[in-house]
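Beneath this line is the structure, given in structure tokens, with notes to follow.
In what follows, every chain begins at residue 1, and chains take the letters A, B, ... in the order their sequences are listed. Note that the structure is predicted; figures quoted are calculated from it, not measured. Just the heavy atoms: all of them, side chains too, but no hydrogens, waters or symmetry mates, feed the values below.
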2 protein chains.
Amino acid sequence: MARSNRKPEVDYAAAAKRWAESNSSGRKPTMQDVAHLAGVSKKTISRIINDSPSVNEVTRRGIQQLIREIGYRPDPQARGLASKRSFLVGLITDNPTPQYVVNIQHGILDVLRQTGYELVVHPCDRKSDSFLEDAKRFIEVQKLYGVILTPSVSEDERLAEELRELGCAYIRIASIALDMESRMIVTNDREGGKAAARHLAKLGHTRIACVTGRRSFRSSTERIAGFEEGLAEHGLSVLPEYMLGGDYTFESGLALGADLLDLDPPPTAVFAANDEMAAGILQALHVAGRTPPDSLSVVGFDDFETATRVWPRLTTARTPARKIGRLAAERLFEFYDGDREIVAENETIPELVERDSTRRPSH
Amino acid sequence: MARSNRKPEVDYAAAAKRWAESNSSGRKPTMQDVAHLAGVSKKTISRIINDSPSVNEVTRRGIQQLIREIGYRPDPQARGLASKRSFLVGLITDNPTPQYVVNIQHGILDVLRQTGYELVVHPCDRKSDSFLEDAKRFIEVQKLYGVILTPSVSEDERLAEELRELGCAYIRIASIALDMESRMIVTNDREGGKAAARHLAKLGHTRIACVTGRRSFRSSTERIAGFEEGLAEHGLSVLPEYMLGGDYTFESGLALGADLLDLDPPPTAVFAANDEMAAGILQALHVAGRTPPDSLSVVGFDDFETATRVWPRLTTARTPARKIGRLAAERLFEFYDGDREIVAENETIPELVERDSTRRPSH
DNA sequence: CTGAAAGCGCTTACAG
DNA sequence: CTGAAAGCGCTTACAG
């Protein structure tokens with residue numbers, strides 16, 4: 001049984017067996033137990049679970065095996081207390097679209113799973129007076145490992161500033177770069193707007209309306225700006241009176257959809273800055289007895305469930321929310337690892353999905 | 001400055017001032033600091049933050065004020081480490097409807113906000129081999145204060161058993177009582193099904209179809225059973241060949257909606273066990289060139305966003321998800337407080353919302 | 001590459 | 001009603 005390496009003194013398999021036999025009570029092993037069984041100090045076990053490079057390779061392998069066999073799980077609370085940093089990732093959102101939020105969550109969890117980190121959700125109201133204070137307390141008290149921010153909280157400069165002061169890693173998901181590359185996932189909504197415009201222009205539309213989100217939402221201004229750029233490529237533009245201001249809700253789409261019908265001459269197509277408003281426009285048409293896309297083509301943005309539930313099914317620019325969540329989480333961990341090179345993507349491009357809500361203008 | 005009570009020895013306001021002056025570095029106060037300033041032991045501070053009754057009232061008031069003034073926040077990690085219980089509530093879900101999940105989350109957070117507890121989300125796949133093991137590790141490693149389970153994981157007896165063995169408080173949200181009262185929030189889907197049946201019967205429908213969810217989903221069997229009970233009150237029933245088996249997805253509704261059109265004689269109304277399938281049926285009708293509810297009335301279940309996005313807007317039985325989440329969280333904390341009397345509701349009744357997808361049969 | 005000592009900020013168990 | 005001591009399970013900072 002000659003070993004090819006030194007350090008044959010410790011038989012880790014036997015140690016595991018010893019533990020199993022002496023632990024009839026089913027007590028969970030602690031770092032102390034592992035250290036004792038392996039004949040090393042706690043510090044060495046600590047180095048191993050923290051992936052410190054300075055541990056003898058043979059020792060490391062053996063102890064990793066031992067850890068697996070006896071089912072040792074480091075206590076996140078103890079680690080947190082000692083290191084002043086928890087194993088929790090915070091997701092701060094103020095986005096009202098459940099489909100977006102849940103998909104982002106799933107994307108983040110795709111990365112967190114099996115890492116020992118958990119996701120703590122924190123919806124908030126950015127307009128509340130205590131917003132900043134609440135967020136600060138949440139981050140500080142929980143000693144979050146890092147935070148992921150979705151639009152529109154991601155656009156809040158004061159919150160980003162606060163995070164930096166607290167020394168908390170964060171990733172901002174937004175339609176344009178608002179921060180250093182290592183802290184951004186950019187969704188490039190402008191390109192999605194462009195794609196929507198090109199699609200309508202190619203179908204032959206010329207009298208085209210827009211329903212925007214609030215001006216304070218960067219995603220909306222980007223989507224609309226992209227749309228206008230795309231139209232301009234074809235020598236087209238949106239007349240000022242065809243530019244209607246919504247707020248990303250279905251209800252605003254429903255109300256503005258009715259307004260759209262009163263426009264003279266009527267537009268033959270409309271681009272809504274998100275699917276919820278596009279769905280509202282479709283419903284307004286149904287209420288008025290129209291059968292879209294007969295007299296009006298409608299393009300949305302996001303491609304969440306709503307897009308395929310409505311009739312006709314929406315042509316829309318897709319926001320790949322789950323992927324965005326995944327990228328954000330990957331970047332968060334790279335950021336913190338510091339020296340590892342950043343290789344993950346940090347940008348997504350919306351892709352236009354053509355369905356039944358758009359067709360050539362009928363005349 | 002005579003005080004009406006003994007214990008005038010400690011001037012807490014002065015103590016707070018002293019802290020503010022001596023703490024120019026901005027260090028967060030710890031329990032030790034508070035104890036020192038108040039001239040008591042840590043144990044007394046501990047009693048106060050844990051609402052222990054055995055503290056002198058005057059002392060308690062003064063120290064609570066002191067705590068507020070110097071901004072002391074107990075460290076959840078340290079508390080967790082010492083007490084072997086974290087300040088985290090887990091939400092274990094395997095429900096694919098984002099609108100449900102997000103609303104439940106919001107309901108739970110309505111209760112958790114300002115308590116210091118945080119919500120950790122844990123979507124899972126109940127069919128996975130490692131499901132039970134994963135859940136166990138999550139609960140154990142994080143030392144969760146408690147867990148809230150939504151359908152269908154809430155229906156898993158092995159998981160409930162596991163939770164009991166781990167000594168972890170839990171609340172099951174389900175359509176019927178599956179556990180002791182203190183561990184259940186019952187949604188009574190059966191009543192919703194009944195209401196749907198009565199509505200259709202009153203409109204004069206007699207040839208009525210059903211689209212069910214999977215038989216393994218209790219909510220579906222309850223909804224359908226309630227529906228049949230409601231019909232029976234009016235001497236009606238669903239013919240076996242009018243009973244179609246879906247799986248709660250939009251896609252299954254779309255496929256079965258097409259099948260519905262081939263039935264001879266055709267039904268004049270259909271009850272789908274959730275909105276997603278009802279939306280699928282509506283779309284199948286549109287695809288076939290029908291204009292519901294002309295030839296077919298459709299009733300759904302849930303009243304999530306989808307219900308009002310589709311055309312015609314769905315008549316449906318409402319699942320008050322946010323309220324359900326709130327009740328579950330309230331119950332979770334009562335359960336743990338032990339001796340407090342349980343007064344919160346533990347049951348919700350779906351309410352029928354009448355919209356445009358149902359009308360009298362046309363003949 | 002490895003370890004001994006001290007400490008993170010609380011609670012527990014006990015004593016009075 | 002209150003407190004002194006020990007300990008929860010780790011990491012840090014230092015030393016070698």
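Judged by Watson-Crick or G-U wobble contacts below 3.5 Å, the nucleotide dG16(C) has dC1(D) as its partner.
Within the nucleic acid shown, P76(A) has no heavy atom closer than 4.0 Å to any nucleic acid atom. Counting any heavy atom pair closer than 4.0 Å across all strands shown, T30(B) reaches sugar-phosphate atoms only and no base atom. No engagement by F87(A) is indicated, since no non-hydrogen atom pair under 4.0 Å with the nucleic acid exists.
Under the 30°/60° scheme for interplanar angles, the aromatic rings of F138(A) and H122(A) are found to lie parallel.
Donor-acceptor pairing under 3.5 Å is recorded for the side chains of Q65(B) and R68(B).
Rounded to a whole Å, the CG atom of D75(B) is 14 Å from the C1' atom of dG9(D). One can place NZ of K143(A) at 9 Å from P of dC10(C), the figure rounded to the nearest angstrom. Counting to the nearest Å, the P atom of dC10(C) and the CD atom of Q142(A) are 13 Å from each other. If you take NZ of K84(A) and C1' of dA13(D), they are 13 Å apart, rounded to a whole angstrom. What separates NZ of K28(A) from P of dC8(D) is a distance of 17 Å, to the nearest Å. Remark: C1' of dC8(D) and CD of Q77(A) are 10 Å apart, rounded to the nearest angstrom. In this structure, the CE atom of M31(A) is 8 Å from the C1' atom of dG9(D), given to the nearest Å. One can place CZ of R79(A) at 21 Å from P of dC10(C), the figure rounded to the nearest angstrom.
By the 4.5 Å heavy-atom criterion applied to side chains, Q105(B) and Q105(A) are counted as neighbours.
Listed by residue number, the members of residues 36-49 of chain B with any heavy atom below 4.0 angstrom from DNA chain D are V40(B), S41(B), K43(B), T44(B), R47(B).
Residue S83(B) has no polar side-chain atom (N or O) positioned under 4.0 Å from OP1 or OP2 of dC8(D).
Put simply, the side chain of S46(B) never gets that close to the backbone of K42(B): no donor and acceptor are under 3.5 Å apart. A donor-acceptor pair under 3.5 Å links the side-chain atoms of D94(B) to the main chain of V153(B), judged by distance alone.
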* **Derivation and outcome, salt bridge (charged side-chain N to carboxylate O under 4.0 Å, His left out), residues E69(B) and R18(B)** => CA-CA 11 Å; E69(B) 285 182 15; R18(B) 236 182 306 136; over 6 Å; no
